[in-house]
Amino acid sequence: MTQEDSLTNGAVLTIEHGTVRYGDSRALDDVTCAFRPGQFVAVLGENGSGKTTLLKALLGLVPLDSGEVSILGTPLGQFKDWPDIAYVPQRLLSAGAVPVSVQETVQSAFVTRLGKSRVSRGQRDQRTSEALRAVGLEERRRDRLDSLSGGQQRRVLLAGALAKDPQVFMLDEPTAGVDADSQERMASIFRDLRDQGRTIILVTHELGSFTALASRIIVMQRGKVAYDGPPPTPDQLRDPVWHHSSDLHPPAGPAPIVEG
Ligand code: ADP
């Protein structure tokens, strides 16, 4: 088996020697990695290190300058099964521009790039209700999206991803502005999905409630993969590469007092 075969073997997503340039600078610089079923992967790194560009390159939302991406074994250019992939972007592109309801936002996740849905209307309505219930926003389904807080709007986007029932979830900072209880709820949803064999790729600057879920961590630094492996040991945390991942460090201050 060649090195290339072992990379792609059983992988749901691979990027090989992926480079993305914006003008003269390389936002992604010769990145090679593969993502497998049942993996919860956290992509960490300081601002501007290339985390979002990595997600966008995997989705074909930014063109590669060089290198290759394949999804579920198919080269990106020929891939058509987009319902199998859910992407939750960092920001809503058009929040407030059009009066759209919470329910309509979730339902829009079913429309593929070809403008068709592969589920019936009944299935769609049922999955929409279930997904909104899962993120704790079912009572808000008829409300206008722009009447919700930023954190609630992120939960609506997440509901859209859940309703699609995909193989792969790609989440860009899904917990920003989301309250602690809702983060716990999200973590429990993604623990179940991971255990069912789904792949979850989470871009974040703060793992928060997801800390215990990530079996693999990728740290980006200036467009390159600076670390790719299991969560760091206390010894590894001394390496400057982890400097910005403050929530992986043990809490500062005296040890908690244990009664007994
Ligand atoms: P991160 O997600 O880690 O904050 P990004 O992937 O968003 O980093 O950005 C990586 C680098 O690419 C940064 O230097 C950023 O300024 C640059 N960049 C990102 N998007 C664009 C764009 N559309 N045009 C020009 N430069 C960009």
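Each ligand, and each atom within it, is numbered from 1 in the order the structure gives.
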In L76, L59, I201, L72, the residue satisfying side chain to side chain contact (heavy atoms under 4.5 Å, CB included) with L13 is I201
Element-labelled atoms of ligand 1 that are located less than 4.0 Å from some non-hydrogen atom of [X]:
X	answer
S49	1 (P), 3 (O), 8 (O)
K51	1 (P), 2 (O), 3 (O), 4 (O), 6 (O), 8 (O)
A27	10 (C), 11 (C), 12 (O)
E46	3 (O)
N47	4 (O)

Please check if a non-hydrogen protein atom sits closer than 4.0 Å to atom 16 (O) of ligand 1. no
Worksheet item: Would you call D192 and R198 a salt bridge, using N to O less than 4.0 angstrom?
Response: no
ask   = Any Lys/Arg nitrogen of R216 or D228 sitting under 4.0 Å from an Asp/Glu carboxylate oxygen of the other?
value = yes
[Y] side chain reached by [X] side chain, heavy atoms, under 4.5 Å:
X	Y	answer
F40	L202	yes
F210	M186	yes
L148	D143	yes

Passes salt bridge (Lys or Arg N to Asp or Glu O under 4.0 Å), D29 versus R21? Steps please.
CA-CA 8 Å; D29 190 359; R21 282 176 209 268; over 6 Å; no
Taking the non-hydrogen atoms of G50, is any one of them nearer than 4.0 angstrom to ligand 1? yes
* Is the CD atom of E68 crowded by more than 12 outside heavy atoms at less than 6.0 Å? -> no
For [atom], which protein heavy atom lies nearest, and how many Å away is it?
atom	result
atom 7 (O) of ligand 1	T52 CB, 3.8 Å
atom 5 (P) of ligand 1	T53 OG1, 3.6 Å
atom 27 (C) of ligand 1	Y22 CD1, 3.2 Å

A student comparing S25, A57, G48 should find that the heavy atom closest to atom 13 (C) of ligand 1 comes from G48
